[in-house]
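Let me begin by presenting the structure, written as structure tokens, before commenting on it.
Remember, it's a predicted structure, so these values are computed and weren't measured experimentally. Computation of the quantities below employed the complete heavy-atom set of this structure, encompassing side-chain atoms and omitting hydrogens, waters and symmetry-equivalent molecules.
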Amino acid sequence: MLAQDRAAAGAQMPLLAHLNPEQRAAVTLPAGHALILAGAGSGKTRVLTTRIAWLLQTGQAAPGEILAVTFTNKAAKEMLTRLSAMLPISVRGMWIGTFHGLCNRMLRAHHKLVGLPQTFQILDAQDQLSAVKRLLKAHQVDEEHHPPRQVAWFINGCKEEGLRPDAVPAPNDETRQRVELYRLYEAQCQREGVVDFAELLLRSYELLRDHAPVRAHYQRRFAHILVDEFQDTNRLQYLWLKQLAGDVVDGQFTPRGSVMAVGDDDQSIYAFRGARVGNMQDFVREFAVGQQIKLEENYRSCSNILDSANALIAHNSRRLGKNLRTARGPGEPVRIHEAESDLMEARWLVDEIRQLAADGMARQHIAVLYRSNAQSRALESQLFNAGVPYRVYGGLRFFERAEIKHALAYLRLLENPHDDTSFARVVNFPPRGIGARTLEVLQDAARAAGCSLWDAVSSVGGSAGTKLGGFVALVEVMRERSSGQSLRAIIEQVVEGSGLAGHYRQDKEGEDRLDNLKELVSAAESFVMQEGFGRDAVALPVDETAALTQSPVSQGVDPDAPMGGPQLDAAAGETLSPLVAFLTHAALEAGDNQAQAGQDAVQLMTVHASKGLEFDAVFICGLEEGLFPHENAMADQGGLEEERRLMYVAITRARKRLYLSHAQVRMLHGQTRYNMASRFFDELPEGALKHLTPQRRSAGSFATDYRAYSERQSRVSGGFDLDYSSLGSAGLPARKEAPAHGITQGAQVFHTKFGEGRVLAIEGQGEDARAQVAFTRHGTKWLALAIAKLTLVE
């Protein structure tokens, strides 16, 4: 039977019964190169697996003639599972896997041609870093001038561009030195019979490029090549595919075989990993693609959500273009909420989540998305306080992240140098040459003397004792500098003085960790304000602290005070320092409320981590200029367009409900930021939206809006007086210290917790001012005006 006859017969198969017209057209395409633009929620995986099944069932291909490339092992396993369920025949013989997995398979088969032992080992990222460190030590290279992580990034970057040391441009001495280290690293790996991940792909590409018989063999074998998530391919992956599906003669590429690329240029969000969205357009041009099919029917979301996504992404240029549609009807409008602060945003979000859960929506079907990992801290704090179980998808909760635990360990040592757990955690982090053997000797000495590791340091001699003594001296210096400082200042100087900040500045992926360390400062600021310590508080005398928190109860602790860190230890009659209280709060929050396996829990994640997932209700928070779109991406059009694609991905995660929120004021990375709403709001169709809070009049009224806001803040604790004459082109107001509280004796005031009351007396000035207020329902209280939320009743 001819191929076209078999295809015609296959068109009647039950295999195709549940496909829409575009999906069916993609599945039944004749042999040749094709691009399938698969929109979010359009059934991409179904099309890929059904295409393979259709080729097999119609006899157009045998299992051994199919190569399918995915980006994750999970996707490859899912494809194999679906195919096994769809086909009556065995799928053995097909090559289905990730780029690295397939390259590994190819190199094992031809290890002699590429000069590798058959049992070559693969280095993961940590193994590679260790190999680089050994190399630098062996050649006496100064790690300050050539940090190991940066050397590893340089090597991997060259490989991902398909460049060996001889081909790397070296315009300056530093680059020439890095190239020489690359050469030495190659020799070391070859000598040891190991390859890193980038080497797997590069050596496999070189195998195909340099050995025509091998290339011809695989080109004959793999008559059909299918590539998933094509928009995420990097330069070297694309070059590898070209070797499998074509020949280069006199610099001219001639495609052959049948390549089906499936992807969505609107969801290309991994440029920071080397992904080239331009590979899709190069594929269309270089492979002379004659078939382009757009999968535009979305089976996930209602049309208000899709209309918002379509309108937003239409602002990007150089798109291949598509427009999502659905048969599910308009659904609910996209809800937009503006909060006065990030704290108020988080509280509103928690209230909405609790209402959704009360209405019957499972918490596991609710997702909270944010642009930056550091944003999770305020959200986690409110979820924790409200007792709402949550899970941080693809990551750790804020207080469980390694960099935060390191910083907290240093802070614990300031308060208690005999904390052996904290001592052992950071004695050699950042690395200071204190190895496992030294620590073992120290532990033995401490055990023999019946003392802490800290006290046992003096009993260890030699170079090990010198290094341990240096660590103890470092902590002592930080403790001395912390005396009398605010909690914020203590944390800032510990993060810098310990070397944590410097360590992560040398890490290519350390920006998020640095942001988290800055966010720890924000967490401390929020804690001291909410718990009544004051923004710059140190330990207060017992009588003064009691006055600030006086209540009808004789213990001196307000029973209505928020959880997280009491100001007084009532049993001992002593004031807890802000640092001790904050460390207690961090330990409690880290040890509670994380969802157990299988428990119904809200999902928290970055937008990047959400790709490929879907939820009934999605909250996208922090939609402010400089945060989303991120300030690092706003300098050029390419960066801004990737941010818009990221927003497009976030919007299309929602099935039923979509919430977008932003805050006027946000404490982030240790700084108070006065924010303009994200430009993305202006790119959404008004007819699909529902504003839950009054809209600002226009971008031009930004300063006016903040003038009104600051006037409110001058009557509220912690507010900042704003200087409108300093508004720049970005419209960002400046901060001034010590606002006038505007509270006078005899004034009627309102407090968010205690209700209405009358001011009986005022004492002190500026940050030290406090008021005695007789509340209608809660008796008389002394309140610090720099902390209490008092509003004048007109």
Q | Salt-bridge contact Arg644-Glu641 (side-chain N to carboxylate O under 4.0 Å) | A | no

**Q.** With sequence neighbours excluded, residues passing ring pair (Phe, Tyr, Trp, His ring centres under 6.0 Å) with Tyr238
**A.** none

**Q.** Backbone N/O of Thr233 and side chain of Asn279: donor-acceptor pair under 3.5 Å
**A.** yes

Q | Given Lys322, Lys44, Gln231, the one that forms side-chain hydrogen bond (donor to acceptor under 3.5 Å, both in side chains) with Asp264 | A | Lys322

Q | By ring pair (Phe, Tyr, Trp, His ring centres under 6.0 Å) - contacts of Tyr370 (at least two apart) | A | none

**Q.** Carboxylate-amine/guanidinium contact Glu643 Arg371, below 4.0 Å
**A.** yes

Q: Using salt bridge (charged side-chain N to carboxylate O under 4.0 Å, His left out) as the criterion, list what pairs up with Lys518, not counting sequence neighbours.
A: none

(Q) So for atom CZ, which belongs to Arg354, do other residues, nucleotides or ligands contribute more than 12 heavy atoms lying within a distance under 6.0 Å? (A) no

Q. Taking 4.0 angstrom as the limit, do Asp616 and Arg655 come out as a salt bridge?
A. yes

**Q.** Nearest heavy atoms of His630 and Glu511, plus distance in Å
**A.** CE1-OE2, 4.4 Å

Q. Charged N to carboxylate O under 4.0 angstrom, Arg178 versus Glu174?
A. yes

Q) Hey, what do you get for CG (Leu520) to CZ (Arg401), rounding to the nearest 0.5 Å? A) 11.5 Å

Q.
Below 30° counts as parallel, above 60° as perpendicular, anything between as tilted: where do the rings of His662 and Phe681 land?
A. tilted

**Q.** Whether Lys159 side chain and Leu236 backbone form a donor-acceptor pair below 3.5 Å
**A.** no

Q. Rounded to the nearest 0.5 Å, how far apart are CZ of Arg666 and CG of Leu343?
A. 10.5 Å

Q) Where the side chain of Ser381 meets the backbone of Arg377, is there a donor-acceptor pair that is under 3.5 Å apart? A) no

Q: Measure from the side-chain N and O atoms of Ser268 to the backbone N and O of Asp265, and report whether any donor-acceptor pair falls under 3.5 Å.
A: no

**Q.** Donor-acceptor contact below 3.5 Å, side chain Asp512 vs main chain Ser372
**A.** no

(Q) Under the side-chain hydrogen bond (donor to acceptor under 3.5 Å, both in side chains) test against His691, which residue among Arg335, Glu686, Glu338 passes? (A) Glu686

Q. So, does Thr652 use its side chain to make a donor-acceptor pair with the main chain of Tyr648 at under 3.5 Å?
A. yes

(Q) Going by the rule side-chain contact (heavy atoms from CB on, under 4.5 Å), which residues pair with Ser610 if we only count those two or more places apart in sequence or in a different chain? (A) Leu369, Met605, Val607, Val649, Arg653

Q.
Looking at Glu380 and Phe398, would you say the former's side chain and the latter's main chain have a donor-acceptor pair under 3.5 Å?
A. yes

Q | Those residues that, when tested against Arg273, pass salt bridge (charged side-chain N to carboxylate O under 4.0 Å, His left out) (two or more places apart) | A | none

Q: Tell me, please, which residues at least two apart from Phe154 pass ring pair (Phe, Tyr, Trp, His ring centres under 6.0 Å).
A: none

(Q) Less than 4.0 angstrom from a charged side-chain N to a carboxylate O is my criterion; do Glu496 and Arg505 meet it? (A) yes

Q) Do Gln237 side-chain atoms and Asn234 backbone N/O form a donor-acceptor pair below 3.5 Å? A) yes

Q) For Ala663, does its backbone N or O pair with a side-chain atom of Glu624 as donor and acceptor, under 3.5 Å? A) yes

(Q) Under a 3.5 Å distance rule, please check whether Thr326 uses its side chain to pair with a backbone N or O of Asn298 as donor and acceptor. (A) yes

Q) Roughly how far, to the nearest 0.5 Å, is CD1 of Ile366 from NZ of Lys656? A) 11.0 Å

Q. Relative to the ring of His608, is the ring of Tyr270 parallel (under 30°), tilted (30 to 60°) or perpendicular (over 60°)?
A. tilted

Q | Lys/Arg N to Asp/Glu carboxylate O, Arg679 vs Glu625, below 4.0 Å | A | yes

